[in-house]
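Data block below; observations after.
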There are 2 protein chains.
Amino acid sequence: MDTALDRAVRVFRERGYHATSIGDLTAAMRLATGSVYKAFRDKRAVFLAAFERYTARRQEQTRSAAAEGNNGRERVRNVLRSYVEHSRGSEGRRGCLVVGSAIELSALDSEIGARVIAQLRSNENFIASLIREGQADGSIPGSVAADDTARLMICITQGLRVVGKARLPLEADRLVAVAMKLLA
Amino acid sequence: MDTALDRAVRVFRERGYHATSIGDLTAAMRLATGSVYKAFRDKRAVFLAAFERYTARRQEQTRSAAAEGNNGRERVRNVLRSYVEHSRGSEGRRGCLVVGSAIELSALDSEIGARVIAQLRSNENFIASLIREGQADGSIPGSVAADDTARLMICITQGLRVVGKARLPLEADRLVAVAMKLLA
DNA sequence: TTTATTCGGGAATAATCGTTCCCTATTATC
DNA sequence: GATAATAGGGAACGATTATTCCCGAATAAA
């Protein structure tokens, strides 16, 4: 079932919620219609489960990327780099469920809207905490406004997903180098 | 007819393409079904016209915002500020047709995908030209990488639309101040 | 005044959608 | 070994969708 849900994640990422029919879903999950409705109440429930699964995986990916840095500054850099890499190429073309939900659903479904906000806030808090770590270990100047910078970095990461989905090429080294000026 | 198209823009911005039914469209445009199909070939044609109208208006809005600056640096700042203002509050909640098209349609409709890319590139080139103006007039250091910075700023603007649609509050002064560090 | 013609309106249509229902294996229980 | 329970599959259903067709009013032409 988990592997079927992974396939659902993939379809929703590629086609979005509304453009994904039950037929698309069953084909991707390799399950019959009845089986899907035995496991989930309705299409929305499949999406919610897929969203949950996607965000959990993404969370551990960025946490583990951060963990490889030796100080706050390096950890922020690694998070940014990880985001660029996931927004690039075929993976980027696949899209992000958080961005997709924000654009397509948050205005129409308040519960999904709340989950999107929660996810954004969680990521923002994580980045802000990394910045403060850097200020404590001396790798980031104390003059940096941690909260505001974190919020702008969230905008950068979400914007990367949009641009990557649109298939504009993203050069990781250059973009990260420019973005790191925000920690000067 | 132009006023009807403006209303179509509004619905598509709020609900996206797939979640907007012909019924939603006729109600918003205050036109009957037959009248819509007399003016446009199909729903997609309405969307294309709405997209065109939206991008034209947005383009003049950001150009005129830029024009009020006295040097390159101020013009970039004005563009960023304009983007934050349009991404904030009720206007931000309404959403952006470029971001919406990128997320919902660019993978499914190559012509719309091409228009999204063209729009992003146009905005990026405009920002890059403002940066170069600033370097010429001395308000921006020559060490700034114009193209890379412009691309990152496009990510910021698109990300602002995502975050604004999700209803996270955006503080214009603070965000713009942080972003301007990219021109240091 | 009468006759075309245009324009907006809305019912009818055909396709597609999400959902439900029922059937058939397969596994577990007694 | 017989039976109950479960899981999966797919046809059938009703609702909704985009689209087409035709009607009536208003305007222009004769």
Side-chain angles (χ1 to χ4, degrees), chain A residues 1-54 95 97 100-101 103-113 115, chain B residues 1-54 95 97 100-101 103-113 115:
Chain A
M1 175 54 64
D2 275 356
T3 145
L5 200 52
D6 280 330
R7 296 198 238 259
V9 168
R10 183 158 171 162
V11 187
F12 280 130
R13 285 178 62 191
E14 286 172 350
R15 304 182 55 85
Y17 180 77
H18 292 291
T20 299
S21 71
I22 299 292
D24 295 328
L25 223 37
T26 57
M29 298 171 86
R30 290 168 206 182
L31 251 43
T33 331
S35 306
V36 170
Y37 277 87
K38 202 147 291 189
F40 303 95
R41 182 143 43 116
D42 52 18
K43 179 182 166 184
R44 181 174 176 277
V46 183
F47 184 82
L48 249 47
F51 182 91
E52 216 62 39
R53 191 166 174 79
Y54 174 80
L97 269 194
S101 304
I103 297 304
E104 216 185 346
L105 296 171
S106 71
L108 308 173
D109 187 318
S110 61
E111 187 191 335
I112 292 184
R115 298 206 191 191
Chain B
M1 174 54 63
D2 274 355
T3 145
L5 201 52
D6 280 330
R7 296 197 235 261
V9 168
R10 183 159 172 162
V11 186
F12 279 131
R13 286 179 62 191
E14 286 172 350
R15 306 182 54 86
Y17 180 77
H18 288 110
T20 299
S21 70
I22 299 291
D24 295 328
L25 223 38
T26 57
M29 298 171 85
R30 293 169 203 180
L31 251 44
T33 332
S35 306
V36 171
Y37 276 88
K38 203 147 292 189
F40 302 94
R41 181 144 43 115
D42 52 17
K43 179 182 165 184
R44 182 174 175 277
V46 183
F47 184 82
L48 250 47
F51 182 91
E52 217 62 38
R53 191 168 174 76
Y54 174 80
L97 270 194
S101 304
I103 297 304
E104 216 184 343
L105 296 171
S106 71
L108 308 173
D109 186 318
S110 61
E111 186 191 336
I112 292 184
R115 298 206 190 191

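Please read all numbers here as calculations on a predicted model, not as lab measurements. Protein chains get the first letters and strands the later ones, always in sequence-line order, with residue 1 at the start of each.
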- Message: If I compare all heavy atoms of Tyr54(B) with all of Gly95(B), which pair ends up nearest, and what's the gap?
- Response: OH-O, 4.2 Å
- For residues Ala28(A) and Val11(A), report the shortest heavy-atom separation together with the two atoms involved. CB-CG2, 3.0 Å
- Query: What is the distance from atom NE2 of His18(B) to atom CD of Glu104(B), rounded to the nearest 0.5 Å?
  - Reply: 6.0 Å
- Roughly how far, to the nearest 0.5 Å, is the CG atom of Leu105(A) from the CD1 atom of Ile112(A)? 4.5 Å
Could you pull out every donor-acceptor pair under 3.5 Å between side chains of residues 29-36 of chain A and any protein atom, sequence neighbours left out?
none

- Which of Arg44(B), Lys43(B), Arg115(B) passes salt bridge (charged side-chain N to carboxylate O under 4.0 Å, His left out) with Asp109(B)? Answer is Arg44(B)
- Query: Sequence neighbours excluded, which residues qualify as ring pair (Phe, Tyr, Trp, His ring centres under 6.0 Å) partners of Phe47(A)?
  - Reply: Phe12(A), Tyr17(A)
- Message: Working to the nearest 0.5 angstrom, can you tell me the gap between Glu52(B) CD and Leu48(B) CG?
- Response: 7.0 Å
- First and last nucleotide of DNA chain D in contact with chain A, 5' to 3', at under 4.0 Å to a heavy atom: what are they? dG8(D) to dG10(D)
Strictly under 3.5 Å: I want the nitrogen or oxygen pairs between protein and nucleotides 16-22 of chain C, one per line.
| unit_1 | atom_1 | unit_2 | atom_2 | d |
| --- | --- | --- | --- | --- |
| dG18(C) | OP1 | Thr20(A) | O | 3.3 |
| dG18(C) | OP1 | Lys43(A) | NZ | 2.7 |
| dG18(C) | OP2 | Ile22(A) | N | 2.6 |
| dT19(C) | OP2 | Tyr37(A) | OH | 2.5 |
| dT19(C) | OP2 | Lys43(A) | N | 3.0 |
| dT19(C) | O5' | Tyr37(A) | OH | 3.3 |

- Item | Residue pairs passing the salt bridge (Lys or Arg N to Asp or Glu O under 4.0 Å) test where at least one lies in residues 14-29 of chain A, sequence neighbours excluded | Arg10(A)-Glu14(A), Glu14(A)-Arg94(A), Arg15(A)-Asp24(A)
- Message: Angle between the two end axes of the helix from dT1(C)-dA30(D) to dC30(C)-dG1(D), five base pairs per end, rounded to 10 degrees?
- Response: 10°
- Message: For a quick test of reading the model, state the closest non-hydrogen atom pair linking Val46(A) to Leu5(A) and the distance between them.
- Response: O-CD1, 4.3 Å
